[in-house]
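One-based numbering, in listed order, for ligands and for the atoms of each. Bear in mind the structure is a predicted one, so any value in this text is a computation, not a measurement.
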Amino acid sequence: MPKYFNPEIETASRDYLTALQSARLIKMVQNCYDNVPFYRKKFDEMGLLPGDIHSITDLPKLPFTVKQDLRDNYPFGLFAVPREKLMRIHASSGTTGKQTVVGYTKHDIEVWSEGAARAIVAAGGTKEDYVHVSYGYGLFTGGLGLHYGAERMGATAIPVSSGNTQRQIQILQDFGSNILCCTPSYAMYIGESVRRMGIDPKTLALRAGIFGAEAWSENMRREIEKALDIKAYDIYGLSEIAGPGVSYECQMQTGMHVCEDFFYPEIIDPDTLEPLPAGKYGELVFTCIGKEALPLIRYRTRDISALSYEQCECGRTLVKMLKPRGRSDDMLIIRGVNVFPSQVEHVILSLGMEPNYQIVVDRINNLDTMTVKIELSDTMVSDSVKEIEKQEHKIHSTMQAVLGVSAEIKLVEPLSLPRSEGKAVRVIDNRQI
Ligand code: DLL
């Protein structure tokens with residue numbers, strides 16, 4: 001079984017990588033200056049010339065790019081290539097405002113596919129595998145990203161797309177899919193449905209899952225692995241930088257190797273904007289050093305992660321980013337306390353419950369309130385009201401200890417909360433601020 005898709009890069013020495021990154025950065029900065037008026041203006045304002053950038057260590061001299069810059073130049077204003085060189089457009093719909101539109105040349109599609117191919121091989125995928133892609137196909141990058149990755153590494157792609165869970169399961173059974181690709185929340189739902197349909201997951205040919213597009217915890221990983229009898233691997237990406245495969249987990253499952261030959265990562269303090277050393281959590285920033293159509297400089301992702309340069313036992317030398325803890329803009333401020341949905345999920349799973357929950361935030365008489373609705377598990381449904389109240393009380397006190405703020409806990413009927421076939425919607429914030 002091949003261990004790496006591209007051993008030359010995935011196990012390259014640090015010196016080799018640094019030299020490659022420096023050469024590519026110099027080229028991309030010149031491209032931005034020559035072809036993207038937005039960057040030329042920024043450089044001119046800062047008194048910076050492309051010639052001032054000699055190596056990757058000069059990166060902190062360069063300006064940041066934020067999502068609003070893409071919106072201000074909607075839809076194609078930051079593209080660095082003429083229209084005839086564009087091969088594909090994707091977009092990501094944010095929660096507010098206009099979509100973020102991204103473009104790719106033939107070369108960019110190859111770069112992105114390579115990242116996704118590396119991810120599938122790192123998850124144990126081979127040319128003999130059926131890769132079942134249940135991410136949505138369309139402007140969202142999930143479906144086509146993993147699809148091209150599977151084709152690139154030589155496996156057989158099954159483009160199921162998302163939705164119709166019964167049909168997904170039928171295909172898993174009849175076609176003998178080996179690798180499932182979807183969001184972790186949808187994987188959990190497929191697992192739940194497999195159980196309800198009375199199917200023993202051991203009878204499926206599934207070995208592994210490649211799950212991403214939203215933050216998920218280690219506890220959730222264990223739940224999915226149990227429910228589908230597979231190994232569950234994390235994959236990260238964002239449309240602005242490429243799509244899924246910007247980074248990916250290996251067999252060690254201890255963080256995601258970044259394709260740093262194309263996407264150079266930094267961690268910064270989101271307040272001071274100063275770079276942080278390896279191991280420290282902060283905001284993840286990427287510079288696209290190997291792309292043509294949308295070569296973003298120091299793009300602020302809002303994702304909270306840390307980098308680890310420690311040697312990985314899998315043999316890959318590419319830096320790892322640790323499981324994102326959520327996004328700085330997902331953070332809820334409840335009565336002045338910072339709360340991340342991932343912390344709520346962690347508590348629920350640590351108490352042996354399934355991660356079917358919804359957080360509802362309100363403001364009543366000028367006071368923030370937070371209610372966490374959690375579905376009862378099948379075994380708890382028959383419990384007496386007293387038992388259920390006891391459980392609510394236990395969750396309440398654990399939640400308070402972990403979050404530092406009190407939340408009302410409501411245990412609700414199984415399957416009563418909405419399920420998602422794509423990214424899960426965990427928070428309903430009714431506050432009018
Ligand atoms: O979600 C690309 C993708 C598709 C990644 C399929 C993985 C699998 P966007 O829709 O642009 O792109 O959303 C990007 O999703 O900034 C993170 O906040 C979040 N995200 C993506 N992967 C992970 C992950 C796709 N593994 C945004 N863990 C990013 C945590 C993730 N968050």
Side-chain angles (χ1 to χ4, degrees), residues 65-67 70-71 89-95 98-104 112-113 115-116 118-120 122-123 131-150 161-162 179-187 209-218 220-221 224 232-249 253-259 263 265 270 281 283-286 288 294 296 299-306 320-331 340-342 345 420-427:
T65 310
V66 295
K67 204 177 188 87
L70 283 142
R71 293 207 171 117
I89 299 287
H90 277 279
S92 85
S93 51
T95 39
K98 281 186 180 152
Q99 307 199 86
T100 308
V101 182
V102 298
Y104 305 78
W112 174 22
S113 308
R118 288 181 194 174
I120 298 170
V131 178
H132 181 123
V133 184
S134 307
Y135 287 110
Y137 281 66
L139 287 175
F140 175 55
T141 54
L144 284 167
L146 267 304
H147 184 105
Y148 271 63
S161 197
S162 59
I179 298 182
L180 173 66
C181 308
C182 61
T183 59
S185 47
Y186 194 43
I210 303 181
F211 306 128
E214 62 189 8
W216 54 306
S217 60
E218 284 300 330
M220 180 112 159
R221 188 206 301 272
I224 297 174
Y233 297 96
D234 203 350
I235 183 166
Y236 170 91
L238 63 166
S239 331
E240 296 90 316
I241 302 304
V246 168
S247 67
Y248 54 92
E249 249 179 5
Q253 298 178 305
T254 49
M256 293 177 272
H257 292 283
V258 179
C259 293
F263 319 115
Y281 275 87
E283 184 178 331
L284 188 56
V285 169
F286 281 107
C288 303
L294 188 60
L296 296 182
Y299 183 71
R300 294 185 56 185
T301 65
R302 302 280 166 195
D303 292 314
I304 308 293
S305 180
K320 282 192 289 194
M321 55 176 270
L322 306 186
K323 236 178 184 326
R325 287 187 171 165
R327 296 174 57 84
S328 57
D329 48 8
D330 268 358
M331 188 179 78
F340 284 96
S342 57
E345 181 174 302
S420 162
E421 290 157 357
K423 298 186 194 232
V425 180
R426 299 296 196 190
V427 181

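The shortest N or O to N or O distance between Ser239 and ligand 1 is under 3.5 Å. Backbone and side-chain nitrogen or oxygen atoms of Gly212 are examined, and none is located within less than 3.5 angstrom of a nitrogen or oxygen of ligand 1. Inclusion of Ala213 in the set of residues having an N or O under 3.5 Å from an N or O of ligand 1 is warranted. Considering both main-chain and side-chain atoms, Trp216 never comes within under 3.5 Å of ligand 1 through any nitrogen or oxygen pair.
Considering each of Glu214, Lys67, Lys323, the one bringing a non-hydrogen atom nearest atom 24 (C) of ligand 1 is Glu214. By heavy-atom distance, the residue among Gly237, Gly243, Pro244 lying nearest atom 25 (C) of ligand 1 is Gly237.
Every atom of ligand 1 is numbered from 1 in the order shown, and the set under 4.0 Å from a heavy atom of Pro324 is 28 (N), 30 (C). Which parts of ligand 1 touch Phe140 is read off a 4.0 Å heavy-atom cut-off, strictly below it: atoms 1 (O), 4 (C), 10 (O), 25 (C). Taking every heavy atom of Gly142 and a limit of under 4.0 angstrom, the matching atoms of ligand 1 come to 4 (C), 6 (C).
Atom CZ of Arg325 has 12 or fewer neighbouring heavy atoms from other residues, nucleotides or ligands inside a 6.0 Å radius.
With a 4.0 Å heavy-atom cut-off, ligand 1 is reached by the side chain of Lys423 but not by its N, CA, C or O. Of the heavy atoms in Thr141, only side-chain atoms (C-beta onward) come closer than 4.0 Å to ligand 1. By the criterion of a heavy-atom distance under 4.0 Å, the side chain of Ser92, and not its backbone, is placed next to ligand 1.
Atom CG of Leu294 is separated from atom OG1 of Thr100 by 10.0 Å, given to the nearest 0.5 angstrom. To the nearest 0.5 Å, atoms OG (Ser92) and NZ (Lys423) are separated by 7.0 Å. Interatomic distance, NE2 of His257 versus CD of Glu249, reported as 8.5 Å (0.5 Å rounding).
Evaluation of the side-chain contact (heavy atoms from CB on, under 4.5 Å) rule for Ala119 yields Ile235, Tyr248 as partners, not counting sequence neighbours.
Taking a cutoff of 4.0 Å between a charged side-chain nitrogen and a carboxylate oxygen, Lys67 and Glu240 qualify as a salt bridge.
Between His147 and Tyr137, the ring center distance clears the sub-6.0 Å criterion. In this structure, Tyr104 has its ring center under 6.0 Å from that of Trp112.
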